[in-house]
Amino acid sequence: SLLRCSSSRCARRGPCGGPIPGGVALRIGIFGAAEDVQCKAVAREAAALGADTLCIEPEAFERGLPLSLLDGQGFYLGEPVDDIRGFYLRAIPAPYAPTVERDGELVLYEDWFTTFMHTRERASYFVAWLLQLAHQGVTLVNGPHAASVMQYKPFQLHVLRSLGARVPRTLISNDPAAIRAFHARVKDVIYKPIMGGAITRVLDSEALERLEDVTASPVIFQERAPGEDLRIMLVGEEIVSCVAIETPAQHLDFRADPIYSGGGASYREVRLPESIQRFCREAARACGLTFAGIDIKHQGDAWVFLELNSSPIYLDVELKLGHPISRAIAQRVVEGARG
Ligand code: ADP
Ligand code: MG
Ligand code: MG
């Protein structure tokens, strides 16, 4: 209703080619950097739907930009932002201190304690703000418990398993004896981190020698699922894109291919069986995601779910195959903002 043109002769709910006389411009928000290519793409689609975009920089606090919550009312750069009823969540600050490079090595800041405390406070502000927005019925794509830094693969596997979806046999553990027993039973085993940030590797004899290293923190060990890598983009109930990622050489983790990291990946459209589509929708819902990038290994009749990403990278697929992912996100957020 904010977009209804105030002119008595114009009943359009949409942009009338400029500022609406007497009307208030409809805005959406993006938690993400204005320079981020996906933020730009969503903002462009929102503009086509008649909405302006305000980007809330994840680094706002680091840069000293003013943010406030005054008796629960949100302010950004000194301006009230409570009119915004729809947000795309691309990124918020991570709750852990970033590392810096010194003499070719990754180290924490010298003032690590101060930095660590600042980092926690900043993240806490954003998460609490997102929780408040969700509580106020604001549309969030995605909501606070899907804040992009949080990846809970073990929970996602539980959800998928409980729906009856196929997942690899999995051990998440820091116990060398349990890992050896799992390997003896399953044989073809890979390992990867819970939070991400490392390429998936094979648990070979050399890795089996180093199992004492894992006692300090748990690792995911998984039966290796054969076949091609699929990436599904789900927005709301709609599967906007489903592709097989094609790399020329065989890799356990397709990201290890220089072609992929160099931006030269190619994709092939794949049609998902109805039952697998349903698992995608139900798993995303149970994980609190209205937007998800879902990873599946596929061979023949086997569709093996690996994970759901809450802030997936997707622009390469959108540009190469023309799948309207940004538009689907913008539509959902703008609809929410319209109320
Ligand atoms: P993330 O992408 O968050 O690092 P994934 O679980 O998607 O974690 O693993 C990354 C990639 O590693 C997958 O896309 C897939 O290519 C490969 N991979 C991960 N787990 C398995 C598995 N159990 N079997 C075969 N390949 C796997
Ligand atoms: Mg993945
Ligand atoms: Mg991931």
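Because the structure is predicted, anything quoted here is derived from the model rather than measured. Every number for a ligand or one of its atoms is a count from 1 in the order of the listing.
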Output yes when K187 and E223 qualify as a salt bridge under the 4.0 Å nitrogen-oxygen rule, no when they do not.
-> no
Above 12 or not: heavy atoms from other molecules or residues under 6.0 Å from CD of Q136?
-> yes
Check which protein N, O or S atoms are less than 2.8 Å from the Mg ion (ligand 3) and report how many there are.
-> 3
For R166, look at atom CZ and say whether over 12 heavy atoms of other residues, nucleotides or ligands are found less than 6.0 Å away.
-> no
Remaining members of the apolar cluster that contains I220, side-chain heavy atoms under 4.5 Å | I172, I194
Looking at R63 and E57, does any basic side-chain N land under 4.0 Å from a carboxylate oxygen?
-> yes
More than 12 heavy atoms from other groups under 6.0 Å of CZ on F113 = no
Inspect the surroundings of CG in D204 and state if more than 12 heavy atoms from other residues, nucleotides or ligands are less than 6.0 Å away.
-> yes
Scan side-chain atoms only and decide if Q331 and R327 contain a donor-acceptor pair under the 3.5 Å cut-off.
-> no
Shell of residues surrounding ligand 1, defined by a 4.0 angstrom heavy-atom cut-off that is strict = Q151, K153, P168, I190, K192, T200, Q222, E223, R224, A225, D229, L252, D253, F254, R255, D295, K297, L306, E307
Supply the members, apart from L106, of the Ile/Leu/Val/Met/Phe/Trp/Tyr cluster built from side-chain contacts under 4.5 Å; use none for a lone residue.
-> none
